[in-house]
Structure formats: structure tokens, C-alpha cells
Amino acid sequence: MTATFGFNFSDTYSQLPKDFIKKAELYTFKNAQHQIFNTSLAVSLGLDQNAIKESNYIFANGNNLPHGSSSIAQAYCGHQFGHFVKLGDGRALLLGEHVTPDQKRYDIQLKGSGPTEFSRGGDGFAALGPMLREYLISESIHALGIPTTRSLSVITTGQPVFRETTLKGAMLTRIAQSHIRVGTFQFASLNGKDHVHALAEYTINRHFPDLKNQGEKFEGLLLRVIDLQSQLIAQWMSVGFIHGVMNTDNMSICGETIDYGPCAFLNHFKQDTVFSSIDRNGRYAYGNQPIIAHWNLARFAESLLILFDEDIDIAKEKALSMLSLFKEKYMSCWVGLMAKKIGIENSSKIDEKFINDFLSLLEKHGADFTSSFRNLNNLNQLKDSLIHDDVFVQWNNQRINLIGQENMSSSQKMMDSINPCVIPRNHLVEQSLDDANNGNLETFHKLLSVVQHPFSMPENPMYLEPSSPEYEQSYRTFCGT
Ligand code: AMP
Ligand code: MG
């Protein structure tokens with residue numbers, strides 16, 4: 001019998017109508033090699049680390065799958081840059097749903113695992129740089145307290161992948177509460193009411209069991225996802241995170257950040273910052289993210305319409321009234337977070353404009369987003385031109401008045417707990433990936449350990465330095481496909 005490695009698989013997804021999944025075979029990588037393994041995540045999942053270590057961290061390969069696993073590719077659709085496409089796991093496989101000792105259910109997914117029926121023109125494989133990038137940025141987002149899929153391991157496959165150049169092949173093991181996407185509902189909707197009904201029931205059972213006994217549970221599902229996404233996007237915005245490819249297939253129903261392709265954090269603040277090489281019109285620019293989330297949620301609502309009412313006009317009316325809540329929900333999360341970032345505990349003391357006034361000042365002076373918030377009470381650490389701007393002086397006086405002298409020290413504590421010192425700076429990310437591609441993972445490990453503690457001052461001040469404006473100007477990220 002093959003080893004379990006501590007995985008306790010229990011499949012539920014295959015209860016859905018059969019075309020939601022396609023069986024696929026995990027490729028056998030003959031010269032797979034360990035690159036990185038997330039020990040603390042493995043501990044929290046209750047995995048058998050000794051067995052995993054004994055296998056040289058190659059716990060899933062075509063000729064050797066953990067006991068009880070299956071390998072399935074999930075079907076989904078998606079609006080990619082606004083265009084509807086039929087998709088599915090083209091380079092990923094679901095190994096199974098692992099139930100932890102404390103009864104939490106997680107998808108264990110392999111990314112870069114070989115071709116499937118959904119590979120379309122692609123080879124089904126992934127390269128080392130993008131897989132390590134996903135590992136690093138998802139760990140950073142997790143440490144910042146933002147819901148996200150996690151990364152358990154990266155191995156190299158020993159097999160080259162051919163992109164613009166020849167690259168080292170790699171496979172990531174991704175842990176997610178599930179891989180149900182807005183695009184999964186779009187797929188269901190394409191296949192008719194029974195599919196939508198089955199998926200909606202499944203999603204409610206798996207993620208939102210409290211809705212089960214509610215009268216209008218499908219409406220409840222839409223409202224819940226609107227809630228989760230408004231919180232998630234507000235959190236991204238509050239740390240300067242740009243997802244980069246917010247297609248509907250990359251929006252998770254359970255509210256986790258998913259699919260780390262061309263994502264990056266902004267440094268010098270600019271609302272229209274775009275790093276992704278394929279986002280030529282800035283659809284997924286930093287400042288557009290809330291609008292796009294709303295657009296994606298409208299696609300989600302469309303696929304649920306059939307469950308809201310037999311009468312399509314009534315169904316649409318319901319969907320529109322629920323969707324209209326997004327802006328208010330998002331704004332209240334965003335103002336709440338941003339108020340804390342400037343030291344104001346009670347966000348009702350300020351409005352959206354007060355935050356935007358500060359952001360406009362950051363943009364006008366080309367100031368770094370992360371350190372400007374972290375050092376807001378340390379004027380000598382802020383950009384010179386900013387602190388000499390009368391508009392800033394006035395704004396900051398107003399801010400200090402709102403906090404009140406008596407609350408200054410608790411306000412500072414709150415600011416230190418919400419404003420990170422460290423985010424993965426773009427030039428450092430690229431340096432660490434270049435070194436890793438050349439066989440040296442030391443830079444990567446050092447950067448990883450710093451971004452895993454974003455609220456602690458790192459020993460080496462280089463981790464605090466923003467990427468230069470010139471670097472940012474020409475910085476391009478890629479989907480890694
Ligand atoms: P992504 O940009 O990672 O969200 O991928 C979008 C779609 O393209 C998904 O259906 C992927 O499975 C598929 N895809 C991405 N890269 C590859 C690849 N190398 N081979 C096959 N399919 C891929
Ligand atoms: Mg994707």
C-alpha cells in the first residue's frame with residue numbers, strides 16, 4: 001500500500017454532475033527534486049512530516065500517489081479580460097480534499113502537473129520562477145492577515161519547459177478551502193438549471209452551512225460572496241496589492257486570494273499602476289480592483305438568476321438590488337481599514353474623502369505607500385517634499401486632532417499592528433527568483449522569512465527600501481503560462 005503522508009482524503013466534489021470533473025493522470029517526473037516545503041503549514045494540516053521528508057518531499061508523482069488520492073481536473077469557464085471562455089484545470093490537478101484532525105476540509109491541488117483535457121494549446125506544465133513567486137507572495141498575503149490559498153511545496157520536475165526561453169519545470173502544491181470560482185458557476189450556468197442548483201447546494205454545504213436552513217438560501221449565497229469579496233478587495237487595497245488578472249475564473253467563492261500570476265505590490269503610490277505585461281488597457285490596475293470585483297460579482301449573480309425566481313424579471317430585480325450593496329459594503333470595509341492605518345480607531349470620524357486626500361498627496365509626491373503609512377507619526381522618515389506641502393501639514397493636523405493627544409499611544413500601537421514594515425519589494429522578488437533559477441535558494445529563503453513577519457522590523461534595512469521609480473516604471477510581470 002502506498003503511504004498516506006498524513007493526508008486524510010475524503011472526496012465530495014465528485015458528487016456533482018459528472019461533467020464538473022475530468023479524470024486526468026498526474027505526469028511521472030523522473031528527476032523531481034525538492035525546492036521548498038512549508039513545515040508550519042504541514043503541521044497545521046496534520047500531515048506526516050517524517051514520511052514526507054523520507055520521500056525527499058516528492059509526495060505526489062505519477063508513479064507514486066498518496067494513498068486515497070485521486071487526480072481530477074475541474075471544469076470552469078471565465079471572463080478573461082471581459083471575454084467569455086470555456087476553461088478548466090489545464091495545468092493543475094486536484095489530488096483530493098484533505099480533512100484535518102480538527103475537521104477542516106482543504107483542496108490539495110498540484111499546479112504544473114501535466115496536460116489535461118482542458119489544456120487547450122498549453123503544455124500543462126509550469127516553470128520554477130512563477131511557482132516560487134506564488135509561494136512567496138501567497139505566504140506574504142497570509143502573513144498580512146488576508147485570506148488566501150497557501151503553498152505547501154515546490155519541487156522542480158527535472159524536465160525543461162519551453163516558453164520564450166527554456167526554463168526549469170516545477171510543480172507547486174496549493175492548499176485552498178476550495179477551488180470553486182465565479183467561473184465554476186458560469187460553467188454550471190452554461191449547462192442548465194440542474195447544474196447550477198447542484199453547485200449552489202454543494203457550495204452552501206461546504207462553505208456556508210449556516211445558510212442551509214435559511215428561507216432564501218441562494219440569495220443568501222450571493223450576499224455572502226458579495227460580503228467576502230468586498231472585504232477581500234478592501235484588504236488588498238489597504239496593503240497596495242495588485243492581483244493583476246482578476247478574470248472571473250480567478251475569483252474564489254470562499255473569498256480567498258487565488259491565482260498568483262502577474263500580481264505585485266505597488267511601491268510609489270499611483271492609482272493606475274499596472275505591472276502585468278498582458279494588461280495593456282489597465283483593466284486590472286490597482287485603482288480599478290473594486291470596480292472589477294463588482295463586475296465579476298454581477299457575472300456570479302447572472303449565473304444564479306435561475307435559482308432566484310422562475311420569472312426572469314423578478315430574478316434580475318433581486319440580483320440588482322443585492323449587487324447594489326457592494327459599493328457600500330466595500331466602502332465601509334475600506335474606510336474602516338484605512339482609518340486604522342492613519343491611527344483613527346473609530347472610522348465614523350472620517351469619510352472616504354479624508355483618506356483619498358492623503359492618497360492624492362502620496363501620488364502627487366511619488367511617495368512609497370507602505371512606508372508612508374508605517375511612518376506617519378515619524379515625519380522625518382517621510383518624503384521631504386510631502387512633509388513640506390501645506391496641504392499635508394493641514395491634513396496631518398486634522399488627523400492628529402481627530403485622534404486626540406490622550407489616545408496617541410494606543411493609536412500608534414494600532415497603526416503598528418495594521419501597517420506592515422515589510423512587503424515583498426519588486427526588485428527583491430525578482431532578484432530572489434533569478435538566484436533560484438541559477439540554483440541558489442538562499443536569497444529566496446531570506447526574503448521569505450522576512451515577508452512572513454511583515455510587522456517586525458527586519459535586521460537588514462534593505463528589505464524596507466522601495467523599488468526605485470525607474471525600476472517600477474519598466475517593471476513587467478507575467479502570467480507564467
Ligand atoms: P491562469 O492564467 O493561471 O488563471 O490560467 C488560465 C487558464 O489557462 C486556466 O484554465 C489554466 O489551466 C490554463 N493554463 C495556464 N497555463 C497553462 C499551461 N501551461 N498549459 C495548459 N493550460 C494552461
Ligand atoms: Mg487561473
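The first residue of the sequence shown is numbered 1, and numbering continues consecutively from there. Read the numbers this way: they start at 1 and go in the same order the structure lists the ligands and their atoms.
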Practice problem: Provide the number and element of each atom of ligand 1 under 4.0 Å from a heavy atom of Gly122. | Solution: 20 (N), 21 (C)
Self-check item: Gly88 N/O under 3.5 Å from ligand 1 N/O
Solution: yes
Self-check item: Geometric N/O contact Leu87 with ligand 1, under 3.5 angstrom
Solution: no
Quiz item: Does ligand 1 have an atom that lies less than 4.0 angstrom from a heavy atom of Arg163?
Solution: yes
Self-check item: Every N, O or S from the protein that is nearer than 2.8 Å to the Mg ion (ligand 2)
Solution: Asn250 OD1, Asp259 OD2
Quiz item: Just checking, is any N or O donor in the side chain of Gln35 or Thr156 under 3.5 Å from an acceptor N or O on the other one?
Solution: yes
Quiz item: Can a donor-acceptor pair be found between the side chains of His179 and Asp89 at a distance below 3.5 Å?
Solution: no
Exercise. Evaluate the ring-ring contact (aromatic ring centres under 6.0 Å, His included) criterion for residues Phe269 and Tyr286: first the C-alpha distance (whole Å), next the side-chain angles of each, then the deciding distance (0.1 Å), finally the verdict.
Key: CA-CA 10 Å; Phe269 187 72; Tyr286 171 78; 5.6 Å; yes
Quiz item: Looking only at N/O atoms, are Asp259 and ligand 1 under 3.5 Å apart anywhere?
Solution: yes
Quiz item: Under a 4.0 Å heavy-atom limit, does Asp123 contact ligand 1 with its side chain, its backbone, both, or neither?
Solution: both
Practice problem: Within a distance under 4.0 Å of any heavy atom of Asn250, pick out the atoms of ligand 1 and give their elements. | Solution: 4 (O)
Exercise. Indicate the ring-plane relationship of Phe7 and Phe59, choosing parallel, tilted or perpendicular according to the 30° and 60° boundaries.
Key: tilted
Quiz item: In terms of heavy-atom contacts, does NE2 of His445 have more than 12 from other residues, nucleotides or ligands at under 6.0 Å?
Solution: yes
Practice problem: Run the contact test for Phe125 against ligand 1 with a 4.0 Å cut-off on heavy atoms, strictly below, and give the result. | Solution: yes
Quiz item: Judged by atom type as modelled, is there a donor-acceptor pair below 3.5 Å linking the side chain of Ser151 to the main-chain atoms of Ser153?
Solution: no
Exercise. Without swapping roles, check the side chain of His294 against the backbone of Leu323 for a donor-acceptor pair under 3.5 Å.
Key: yes
Self-check item: Nearest-0.5 Å distance, CG of residue Leu152 to NE2 of residue His98
Solution: 9.5 Å
Practice problem: Report yes if some N/O of Arg120 lies less than 3.5 Å from some N/O of ligand 1; otherwise report no. | Solution: yes
Quiz prompt | Donor-acceptor contact present, side-chain Ser303 to main-chain Arg299, <3.5 Å | solution = yes
Quiz item: Do Thr4 side-chain atoms and His67 backbone N/O form a donor-acceptor pair below 3.5 Å?
Solution: no
Quiz item: For atom 21 (C) of ligand 1, which candidate among Ala75, Gly112, Gly90 provides the closest heavy atom?
Solution: Gly90
Quiz prompt | Residues Arg224, Asp210; criterion salt bridge (Lys or Arg N to Asp or Glu O under 4.0 Å); working and verdict | solution = CA-CA 11 Å; Arg224 191 63 60 85; Asp210 61 299; 2.7 Å; yes
Quiz item: Checking Ser71 side chain against Ala24 main chain: does a donor-acceptor pair fall under 3.5 Å?
Solution: yes
Quiz prompt | Set of ring-ring contact (aromatic ring centres under 6.0 Å, His included) partners for Phe241, sequence neighbours left out | solution = Trp236, Phe265
Quiz item: Can you tell me if Val245 has a non-hydrogen atom under 4.0 Å from ligand 1?
Solution: no
Practice problem: Provide the number and element of each atom of ligand 1 under 4.0 Å from a heavy atom of Gln80. | Solution: 6 (C)
Quiz item: For ligand 1, which atoms have a heavy atom of Gly124 less than 4.0 angstrom away?
Solution: 18 (C), 19 (N), 20 (N), 21 (C)
Quiz item: Quick check: does Lys111 get an N/O under 3.5 Å from an N/O on ligand 1?
Solution: no
